[in-house]
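A note on names: the letters A, B, ... follow the listed sequences, proteins ahead of strands, and every chain is numbered from 1. All values reported here derive from a predicted model rather than from experimental measurement.
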Protein chains: 2
Amino acid sequence: MRPNKRDELVRKALEIFYRDGFNATGMDRLVVETGVSKTSMYKHFRTKEDLILAALRLRDENFRNSLFRECEGRADTPEGQILAMFDVLADWFAQDGFRGCMFIKASAEFQDKAHPINAQAAEHKRLLLGWLTGLAQQAGFAAPEQLAMQMLLLKEGAIVAAAMLGAEGPAREAKDAARLLLDHAPRSG
Amino acid sequence: MRPNKRDELVRKALEIFYRDGFNATGMDRLVVETGVSKTSMYKHFRTKEDLILAALRLRDENFRNSLFRECEGRADTPEGQILAMFDVLADWFAQDGFRGCMFIKASAEFQDKAHPINAQAAEHKRLLLGWLTGLAQQAGFAAPEQLAMQMLLLKEGAIVAAAMLGAEGPAREAKDAARLLLDHAPRSG
DNA sequence: CTCATGGTGTACCGATCTGTAAACTTACCT
DNA sequence: AGGTAAGTTTACAGATCGGTACACCATGAG
């Protein structure tokens, strides 16, 4: 039970879940596509739910790390980094494999708020909201929580609209709206 | 095969699909909860997909009609009606059975753009975007398509955030952001 | 060599999935 | 009454679901 083997299983499962959905992807399919036997799969993950949770954990790590790093690389002020998020999103939307937000889909398939998968998806959004709030604070806005929520709304709306209607319009309008909101938001002091 | 019987089946199926998801709800469960026999169910709907499409059609009708009527009742200017949409959303979020947007969930579970269910969900969003564009035109904005898309982003983002993080914040911030965007959008002429 | 140990493949479990076949009941029309 | 057609019940088909029992096989230790 080498630990890197487990990581590889999570990586592959993440890819398949993202492409085909959670309930629509059976363990049999995952076993075939990862090349591992069913017994081994269940040695690494007690249940399918455990595997989904591991995949979401990996996705959360990857997504947040790459988003934060990209934004830092594209702008050096907090306000600039908030705005840069929408450029990062635009690039993501334009990628071939773009299929919307994995956490929105997870919460859509497991709607019960008491369900661990739903809770973990919500946690991802809370972490993003916290990051935006921190940036808004650093930027010196008078109401950082409110502004962060508005940025989150534009981001989630853009992801949903890009997945359902096409990439260009939502990416452009989200950034334009964000810039206007940032420009007119009151500063503290 | 009374036609109203069919309507009743669609209504009930819509309710169950919305509450429990599409793939997670089997025809057996639907048959039990509607009290109809399996054979009758399949007399009315050739496949489960047909039933889902009928449920989405009903949902689209109900949602758009009630949204449009509510907005017209709450404001008499086009711009006021756009803004009123966010109050209607807030009321919806606060309802007990609120579980997010059925069309976002449908497109999350049936991701293939060629799939009829995905196409119908996308069509619902296009109709909403068209309605917003019409209002923005009537209101005399210089770039109605862009403004309509921004309002749609706020709406979709608010629905997602309300479903995952709670109702109050998203509803309030969506409206605040929308008002600011409307106030600062250039008018034609 | 012998034996324990840990990972593997095969074959299977019962439940549930979508969808169907066929006989039966009910209600209406003449 | 007799016939027709809608709608019912029951039973089932074939596939797939999540999950497991068990025999097999490699490797390293004594």
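Residues B/Phe86 and B/Trp92 place their aromatic rings such that the two centres sit no closer than 6.0 Å.
When the nucleotides C/dT20, D/dT9, C/dT8 are ranked by their closest atom to the side chain of A/Ser40, C/dT8 comes out on top. When distances are taken from the side chain of A/Lys38 to each of C/dA11, D/dT9, C/dT18, the shortest belongs to C/dA11.
Along DNA chain D, the nucleotide nearest to A/Arg46 and the one nearest to A/Arg29 differ in position, and the one closer to the 5' end is contacted by A/Arg29. Nucleotides of DNA chain C nearest to B/Asp28 and A/Gly35 differ in position, and the one nearer the 5' end is that of A/Gly35. Heavy-atom nearest nucleotides on DNA chain D were determined for A/Thr25 and for B/Met41, and the one closer to the 5' end corresponds to B/Met41.
Rounded to whole Å, the distance from NE2 on B/His44 to P on C/dT20 is 16 Å. Nucleotide C/dA15 holds its P atom 23 Å from the CE atom of B/Met27, rounded to whole Å. We find that CG of B/Leu30 is positioned 8 Å from P of C/dT18, with the value rounded to whole Å. B/Asn23 has its CG atom 9 Å from the P atom of C/dT18, to the nearest Å. Going from atom CG of A/Leu51 over to atom C1' of D/dC17 covers 15 Å, rounded to whole Å. Between the NZ atom of A/Lys43 and the C1' atom of D/dT20 there is a distance of 10 Å, given to the nearest Å. Here the P atom of nucleotide D/dC17 and the OH atom of A/Tyr42 are 10 Å apart, to the nearest Å.
Remark: B/Arg59 is positioned above the aromatic ring of B/Tyr18, its terminal NZ or CZ atom under 6.0 angstrom from the ring centre and at most 45 degrees off the axis.
Classification of the A/Phe22-A/Phe110 ring pair by plane angle, with boundaries at 30° and 60°, yields perpendicular.
Checking the phosphate oxygens (OP1, OP2) of C/dG9, a side-chain nitrogen or oxygen of A/Ser37 falls inside 4.0 Å.
Here the rule is side chain to side chain contact (heavy atoms under 4.5 Å, CB included) with B/Leu58, and of B/Asp7, B/Val10, B/Leu53 only B/Val10 fits it.
Side chain B/Lys48 to base C/dG19: no donor-acceptor pair is found below 3.5 Å.
By the neighbour-count criterion of 12 heavy atoms within 6.0 Å, atom CZ of A/Arg187 is densely surrounded, having more than that number from other residues, nucleotides or ligands.
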